[in-house]
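Some notes on the structure that comes next.
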Amino acid sequence: MTESKQPVVARSGEGRPRRPRVRAVRRGVPVPLLVPGLLAMAFLLVPLLALLVRAPWRSLPSQLTSTEVWQALQLSLISATAATAVALVLGVPLAWLLARAEFPGRGLVRALVTLPLVLPPVVGGVALLLALGRNGVVGQWLDAWFGITLPFTTAGVVIAEAFVAMPFLVISVEGTLRAADPRYEEAATTLGASRFTAFRRVTLPLIAPGIAAGAVLAWARALGEFGATITFAGNFPGRTQTMPLAVYLALQNDPEAAIALSLILLAVSIAVLAGLRDRWMTGA
């Protein structure tokens with residue numbers, strides 16, 4: 001009889017098998033993938049580089065210190081921050097309901113909540129007019145009972161920006177909630193805490209990174225909103241004219257001011273990506 005030969009496994013430590021080392025094999029990039037990839041990179045980067053190349057660097061300080069630019073910048077920062085606050089107050093509870101609560105039609109509600117992501121912003125502005133306008137479904141009662149008129153006001157800018165920005169926050173927070181272990185909340189409730197106390201003292205600290213990321217995305221989206229804002233709030237300097245609207249208007253009369261405002265929005269976008277690099281980007 002011949003003995004069956006068993007494969008020899010190298011062991012280390014206390015008799016545990018040693019894992020074989022796998023060397024990473026670097027292979028060349030196929031040309032059919034390299035060429036379209038480089039074209040796509042150029043397609044995305046060349047317009048941004050053109051903005052930097054054609055920027056009026058010498059007159060940029062005077063452009064940025066003009067009254068119109070500062071009014072648009074100040075209004076944009078205030079309205080985007082207010083819209084993000086509205087998204088936080090309303091969006092975080094909504095994300096919790098979508099992630100934790102069981103109710104009929106939850107999938108449909110989630111689809112409707114994320115609809116502003118794919119809805120053309122102008123259509124969103126028209127919908128806001130029909131809902132909150134002076135003769136709108138809700139706006140007529142706001143005007144008759146409280147004397148509140150939202151269209152073509154600074155508050156209308158905040159509402160329009162919150163409408164298009166809130167889904168970014170809801171999606172981010174809901175994904176973080178689904179990844180978080182619900183047993184911590186259950187343990188808190190078994191120890192006598194109410195559901196709201198468990199949410200406030202246990203869940204919120206766990207999902208704080210997701211809330212921060214969603215808030216940054218919502219703020220950046222609100223800062224760059226154009227279609228819903230100009231449709232619902234109009235374009236009145238000092239009252240409803242945000243930076244995207246000022247860029248559109250300046251492009252017709254003062255292209256250098258339009259480029260200056262565009263550079264500010266580009267810098268904000270780069271700052272947002274830099275702030276989210278640990279969440280979305282991985283090193284090579």
Side-chain angles (χ1 to χ4, degrees), residues 35-85 87 120-122 125 152-158 160-162 164-165 168 212-213 215-281 283-284:
V35 174
L38 293 177
L39 289 176
M41 187 183 304
F43 176 74
L44 295 175
L45 295 181
V46 167
L48 301 179
L49 294 176
L51 182 64
L52 296 175
V53 170
R54 293 299 181 90
W57 297 106
R58 293 183 179 180
S59 61
L60 188 61
S62 61
Q63 292 289 341
L64 295 179
T65 54
S66 65
T67 304
E68 295 79 8
V69 171
W70 274 107
Q71 285 181 346
L73 177 60
Q74 182 180 6
L75 179 61
S76 294
L77 294 177
I78 293 175
S79 60
T81 303
T84 305
V122 175
F152 310 108
T153 62
T154 303
V157 175
V158 175
E161 291 180 350
V164 299
F168 290 89
V216 171
L217 285 175
W219 186 83
R221 179 65 185 89
L223 189 68
E225 166 52 31
F226 176 83
T229 303
I230 196 173
T231 306
F232 183 65
N235 185 14
F236 301 101
R239 189 172 66 179
T240 64
Q241 188 181 87
T242 58
M243 283 198 293
L245 274 63
V247 170
Y248 176 77
L249 183 64
L251 193 59
Q252 305 173 17
N253 303 321
D254 190 357
E256 290 189 353
I259 295 176
L261 285 169
S262 299
L263 287 175
I264 295 177
L265 294 175
L266 178 62
V268 170
S269 301
I270 294 175
V272 169
L273 289 178
L276 295 177
R277 66 184 185 277
D278 293 334
R279 184 176 179 85
W280 282 359
M281 302 180 185

* **Sequence neighbours excluded, every pair satisfying salt bridge (Lys or Arg N to Asp or Glu O under 4.0 Å) that has a member inside residues 224-236** => R221-E225
Closest approach of [X] to [Y] (non-hydrogen atoms, all atoms of both residues):
X: A42; Y: P47; value: O-CD, 4.1 Å
X: A233; Y: G156; value: CB-C, 4.0 Å
X: V247; Y: A258; value: O-CB, 3.7 Å
X: A222; Y: A83; value: CB-CB, 4.2 Å

* Stepwise, does the side chain to side chain contact (heavy atoms under 4.5 Å, CB included) test hold for T240 with T153? -> CA-CA 6 Å; T240 64; T153 62; 5.5 Å; no
* To do: State whether the side chain of T154 and the backbone N or O of R239 hold a donor-acceptor pair below 3.5 Å, judged by distance alone.
  => yes
* Look only at the side chain of S79 and the backbone of S76, and say whether a donor-acceptor pair between them is shorter than 3.5 Å. =>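 Side chain of S79 to backbone of S76: a pair is present.
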* If a pair satisfies ring-ring contact (aromatic ring centres under 6.0 Å, His included) and one of its residues is in residues 39-85, list it, with sequence neighbours excluded. => none
Spatial distance of atom [atom1] ([X]) from atom [atom2] ([Y]) [nearest 0.5 Å]:
X: S262; Y: L52; atom1: OG; atom2: CG; result: 11.0 Å
X: L73; Y: L261; atom1: CG; atom2: CG; result: 8.0 Å
X: Q241; Y: I230; atom1: CD; atom2: CD1; result: 9.0 Å
X: L51; Y: I259; atom1: CG; atom2: CD1; result: 6.5 Å
X: M243; Y: L77; atom1: CE; atom2: CG; result: 6.0 Å
X: L44; Y: L39; atom1: CG; atom2: CG; result: 11.0 Å

* So, do P244 and T229 sit near enough that their side-chain heavy atoms are less than 4.5 Å apart? ->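 No, their side chains stay 4.5 Å or more apart.
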* Does the side chain of W219 reach to within under 4.5 Å of the side chain of V268, using non-hydrogen atoms? ->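 They are in side-chain contact.
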* Structure fact -> Sorted by chain and residue number, the ring-ring contact (aromatic ring centres under 6.0 Å, His included) partners of F226 (sequence neighbours excluded) come out as Y248
* To do: Would you sort out whether T242 and N235 count as a side chain to side chain contact (heavy atoms under 4.5 Å, CB included), showing the intermediate values?
  => CA-CA 8 Å; T242 58; N235 185 14; over 6 Å; no
